[in-house]
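Single-structure report; data block below.
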Amino acid sequence: MENKSKILVVDDKGIDRYMLGCIFREEHDVLEASGGQEAINVITGLSDALSIVLLDIIMPGVDGFGVLEYMREKQILDTLPVIIVTDDDSEETTVRAFEYKVADIVIKPYEPRIIKRRVENIIELYTYKKKERLYGG
């Protein structure tokens with residue numbers, strides 16, 4: 001049996017983690033973090049095993065940008081894609097997120113079939129890029 005890819009869902013709202021988990025749980029292992037520091041702990045331990053991070057920006061304590069800053073400092077953003085899932089649709093937030101080279105931004109409320117396809121496409125792209133790096137060519 002093929003190993004399922006691991007998705008980390010980071011959101012301080014339990015209902016949002018649950019909703020995203022429902023979309024992906026059938027085909028992926030879904031890990032959850034209820035805040036930025038918890039996300040950093042998971043990423044630190046599992047960055048090589050994770051396929052993608054779905055990250056909320058607005059959270060108490062360490063927010064999504066704090067997580068992105070940690071990932072940039074540790075050079076994890078090059079190999080682990082992040083999709084921002086937020087209800088902050090401001091231009092400032094969008095520009096700032098893309099400055100961290102996030103793979104995509106999805107504004108809540110989202111259409112489950114669309115976010116699922118976006119996530120699948122990005123996992124596929126990063127898997128291909130990882131193989132290219134490992135094996136050349």
Side-chain angles (χ1 to χ4, degrees):
M1 185 175 158
E2 188 178 323
N3 282 344
K4 290 182 174 183
S5 57
K6 289 180 177 25
I7 294 176
L8 175 60
V9 176
V10 185
D11 200 309
D12 59 316
K13 296 183 189 95
I15 187 71
D16 289 341
R17 290 193 312 274
Y18 175 78
M19 298 289 287
L20 285 168
C22 286
I23 293 170
F24 297 105
R25 201 162 270 116
E26 193 172 306
E27 292 152 4
H28 303 276
D29 286 333
V30 177
L31 308 173
E32 296 182 9
S34 60
Q37 188 58 55
E38 188 179 347
I40 288 170
N41 295 344
V42 173
I43 291 165
T44 300
L46 294 173
S47 67
D48 290 340
L50 292 170
S51 295
I52 197 163
V53 177
L54 305 181
L55 178 64
D56 186 23
I57 289 294
I58 305 166
M59 296 182 288
V62 178
D63 67 4
F65 288 117
V67 175
L68 290 170
E69 187 59 37
Y70 169 82
M71 292 177 74
R72 179 162 61 190
E73 286 172 7
K74 300 295 182 185
Q75 299 177 330
I76 298 170
L77 281 170
D78 294 334
T79 56
L80 179 58
V82 175
I83 294 180
I84 301 299
V85 182
T86 185
D87 32 17
D88 180 352
D89 63 353
S90 71
E91 183 179 334
E92 178 187 343
T93 295
T94 301
V95 168
R96 189 172 172 203
F98 278 124
E99 285 172 352
Y100 281 97
K101 299 181 180 169
V102 298
D104 203 355
I105 298 175
V106 176
I107 305 299
K108 299 174 191 174
Y110 46 80
E111 188 350 277
R113 291 170 299 185
I114 293 173
I115 193 170
K116 186 173 186 178
R117 188 69 255 158
R118 285 179 166 185
V119 167
E120 299 296 344
N121 288 348
I122 291 167
I123 289 174
E124 206 172 294
L125 174 66
Y126 272 73
T127 300
Y128 177 77
K129 283 171 66 174
K130 208 177 277 186
K131 285 179 183 170
E132 285 284 302
R133 251 196 287 327
L134 288 174
Y135 305 115

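All values below come from the heavy atoms of this structure, side chains included, with hydrogens, waters and symmetry mates left out. Here, residue 1 is the first one in the sequence, and each next residue gets the next number.
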How far apart are the closest heavy atoms of I123 and S5, and which atoms are they? CD1-OG, 4.2 Å
All pairs passing side chain to side chain donor-acceptor pair (under 3.5 Å) where residues 56-71 contributes a residue, at least two apart: T44-Y70, E69-R72, E69-Y100
Residues that T94 engages under side-chain contact (heavy atoms from CB on, under 4.5 Å), provided they are two or more places apart: F98, I105
Rounded distance [0.5 Å steps], CD1 in I40 versus CE in M71: 9.5 Å
Contacts table for residues 8-15: side-chain donor-acceptor under 3.5 angstrom, sequence neighbours left out:
unit_1 : atom_1 : unit_2 : atom_2 : d
D11    : OD1    : K13    : N      : 2.9
D11    : OD2    : K108   : NZ     : 2.8

Qualifying residues under side-chain contact (heavy atoms from CB on, under 4.5 Å), relative to E91, sequence neighbours excluded: V95
Across all chains, not counting sequence neighbours, the salt bridge (Lys or Arg N to Asp or Glu O under 4.0 Å) partners of D29 are K6
Partners passing side-chain contact (heavy atoms from CB on, under 4.5 Å) against L134 (at least two apart in sequence or in another chain): none
Name each donor-acceptor pair under 3.5 Å that joins a side chain in residues 47-55 to protein atoms two or more places apart or in another chain, with its distance.
none

Restricting to side chain to side chain donor-acceptor pair (under 3.5 Å), what partner residues turn up for E120, sequence neighbours left out? H28
Verify same cluster id: F65, I107 (apolar side-chain graph, 4.5 Å): yes
Set of side chain to side chain donor-acceptor pair (under 3.5 Å) partners for N121, sequence neighbours left out: R117
Side-chain heavy atoms under 4.5 angstrom apart, residues restricted to Ile, Leu, Val, Met, Phe, Trp, Tyr: same cluster for V85 and L31? no
Hydrophobic cluster membership, I84 vs I122, 4.5 Å side-chain cutoff: no
Stacked cation flag K131 on Y135, 6.0 angstrom / 45 deg: no
Is it the case that the side chain of K130 and the backbone of L125 share a donor-acceptor pair, with hydrogens and angles ignored and the cut-off at 3.5 Å? no
Might you confirm whether atom CD of E26 has over 12 heavy atoms from other residues, nucleotides or ligands at distances under 6.0 Å? no
To the nearest 0.5 Å, what is the distance between CG on L77 and CG on L80? 7.5 Å
Side chain to side chain donor-acceptor pair (under 3.5 Å) contacts touching residues 30-43 (sequence neighbours left out): R17-E32, R25-E32, S34-E38, Q37-N41
For residues V102 and M59: do they belong to one hydrophobic cluster (side chain heavy atoms under 4.5 Å, members Ile, Leu, Val, Met, Phe, Trp, Tyr)? yes
Could you list the residues that satisfy side-chain contact (heavy atoms from CB on, under 4.5 Å) with D88, not counting sequence neighbours? I58, T86, S90, T93
E27: what forms a salt bridge (Lys or Arg N to Asp or Glu O under 4.0 Å) with it, not counting sequence neighbours? K116
Is there side-chain contact between Y110 and I23, with heavy atoms separated by less than 4.5 Å? yes
Would I115 and Y126 show up in the same hydrophobic cluster when neighbours are defined by side-chain heavy atoms closer than 4.5 Å? yes
